[in-house]
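Sequence lines set the chain letters: A, B, ... in the order given, protein chains first and strands last, and positions in each chain run from 1.
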There are 2 protein chains.
Amino acid sequence: MTNDMMVADEGRGEAGTGTLGKAIAVLEAVVTADGPQRFTDILARSGQPRGTLHRLLSHLVEEGLLIQRRDLSYEPGLRLLTLAYRSWSANRFRDVAEPHLQRLHELTGETVHLGILRETEIVYVDKVESRQTVRMSSQIGKASPAYCTGIGKAALSLLAQPVLKHVLARTAFHPFTSHTHRSAATLLAEVEEIRRDGHAFDCEEHEAEIRCVAAPIAIPGSELAAGISVTGPAYRVSMEQLVAWAAPVREAARAIAEEAAIRLGPGRGGP
Amino acid sequence: MTNDMMVADEGRGEAGTGTLGKAIAVLEAVVTADGPQRFTDILARSGQPRGTLHRLLSHLVEEGLLIQRRDLSYEPGLRLLTLAYRSWSANRFRDVAEPHLQRLHELTGETVHLGILRETEIVYVDKVESRQTVRMSSQIGKASPAYCTGIGKAALSLLAQPVLKHVLARTAFHPFTSHTHRSAATLLAEVEEIRRDGHAFDCEEHEAEIRCVAAPIAIPGSELAAGISVTGPAYRVSMEQLVAWAAPVREAARAIAEEAAIRLGPGRGGP
DNA sequence: AATCAAGTTCCAAATAATGGAACAAGTCAT
DNA sequence: ATGACTTGTTCCATTATTTGGAACTTGATT
């Protein structure tokens, strides 16, 4: 047992939580793969011994978290979708934020996102878009690196210095575009600015030709850092435009935080 | 040990999965509750002993499947949403079906659903709607009883008689409206008709003032039964209209099944 | 100060997980 | 066909994890 340093390891699929951790790691291995996975594929991916893996997979199938096809390969099961649906539709924070996102969309005409920081990533929890294709909602649940997205950097600015350092230590600075931060050093400086200004920009750091302006929201009652953003294509949204939108974005974030504080309650005499 | 629950099962029972089963049961207890759950709430809901439950909860929190708020209550975590996002967006069957759903929507102007049977429920996997509110996509992942929905009954008609019997034995016939089936007997007769006709109707059996026509799809490569439907409000969609739409719905289902057989077929499913 | 409720920790005993190895069941190239 | 391989499944003695009752905090209430 290696539970002494349980703070240290959790980022990827390795077990920190005994049996459950292994099972979820295997589940994730199947879910993140692109296509049905045969037993041997998962064996290689997960590093578990044959016997163990076989039992783990049967259990996951029995629970409806995986489905076994006729050719014996494994696919994600429907139970995951149902569990996620329930937790999404019961998410009170998203519920509070939604009208504010809508308003921001009407003001700007561009796409508005709500995201929450989880480890080193931003998970998108809601989205309001102009031309709504069926695809659009697919974004919900998507995770992007925090260090190169507007909401991500905004959310990072809420963290206490030691926590922030810890997150950055676990971040892999992948150079998505020529504007992407290459190291913690430059990012730390920017986060300091963001903390002062109350808003963050993303100038094609994650995707070329995509810009956004974001503001942080501390979710009352939990330790979570969240944020909202207005995003648009570079050809349509100038930097001047983004700067002009910063104030309304900050104001929406403030309003959400305030309303959430009332509706989700402070819980107890917390900080 | 309190093994009362796991005794009665034959083939497709639950809680036979040792530790994982218990963990997921606890997770589900939190996720299906409406609001943050305190330790004692979950203790009552889950029936686990204090010590066990406490460890289970810590593990779930450590895995990101639950979040513990400052007031110590538990909420669904973001990991669930991310896992579901990945499995949804990589679902090849949905991908194949989508253009057909779109076409059906253009033809009818009404809402089109894609659902898959899981145990006794239909899980909605995709939806094409006319007036798209942000809400709409919330339906994805939602589960409704099979016995009183169009897609549900259509999917049931694909099952072999003994399997069907087994599913119905586990179904609770809740009387949602005055049109809802009250017992397996009448339902069995209707499923027989559906098998003959190739399509199913839902005349306000689940929700008052809501009607639909559906057709079954057997997903190639797996044992799954699925279906598509066109749904509309009773005031706008007459029974005659539904009958007229039955043929195109059947045709779309057939086309999806055919294309899926090629693209997900017995051969490799890889990229 | 005493009582009660909610949450956490402890630890010997029980049980479920472990994983190496043997065993089937296909595939493919002689 | 035959034998060499690859892939998936089962077995089972060993081991480590889970189990769960009870004791222990913590904090609010009377």
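- Between D/dT17 and A/Lys22, no contact under 4.0 Å exists linking OP1 or OP2 to a side-chain N or O.
- Where A/Thr19 and A/Gln68 meet DNA chain D, the nucleotide closest to each residue was compared, and A/Gln68 sits on the side nearer the 5' end.
- Separating the CG atom of A/Leu72 from the C1' atom of C/dA24 is a distance of 13 Å, rounded to the nearest angstrom.
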Protein N or O to nucleotides 4-6 of chain C N or O, pairs below 3.5 Å:
none

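- No side-chain donor from either of B/Tyr124 and B/Gln139 sits under 3.5 Å from a side-chain acceptor of the other.
- Within 4.0 Å of B/Thr52, counting heavy atoms only, lies at least one base atom of the nucleic acid.
- Among B/Leu224, B/Asp126, B/Ile217, the single residue meeting the side chain to side chain contact (heavy atoms under 4.5 Å, CB included) criterion with B/Phe93 is B/Ile217.
- Rounded to whole Å, atom C1' of D/dT6 lies 16 Å from atom CG of A/Asp71.
- One atom, CD of A/Gln48, and another, C1' of C/dG20, lie 15 Å apart when rounded to the nearest Å.
- Inspection of the A/Glu259 and A/His100 side chains reveals an N or O donor paired with an N or O acceptor under 3.5 Å.
- Set against D/dT19, D/dT18, D/dG8, the side chain of B/His59 has D/dT18 as its closest nucleotide.
- Note: B/Leu27 CG to B/Glu63 CD = 11.0 Å, rounded to the nearest 0.5 Å.
- Inspection of the A/Ser73 and A/Gln37 side chains reveals no N or O donor paired with an N or O acceptor under 3.5 Å.
- In this entry the distance linking CG of A/Leu43 with C1' of C/dG20 reads 13 Å, nearest Å.
- Here B/Arg263 pairs with B/Asp95 in a salt bridge; the nearest charged N to carboxylate O distance falls below 4.0 Å.
- Between B/Arg79 and A/Glu28, at least one side-chain N (NZ, or NE/NH1/NH2) sits under 4.0 Å from a carboxylate O, which counts as a salt bridge.
- In this entry the distance linking OH of A/Tyr74 with C1' of D/dT7 reads 12 Å, nearest Å.
- The nearest whole Å value for the distance from the CG atom in A/Leu20 to the P atom in D/dT19 is 11 Å.
- One can place NE2 of B/His54 at 15 Å from C1' of D/dT18, the figure rounded to the nearest angstrom.
- C/dG7 atom C1' lies 11 Å from atom CG of B/Leu53, rounded to whole Å.
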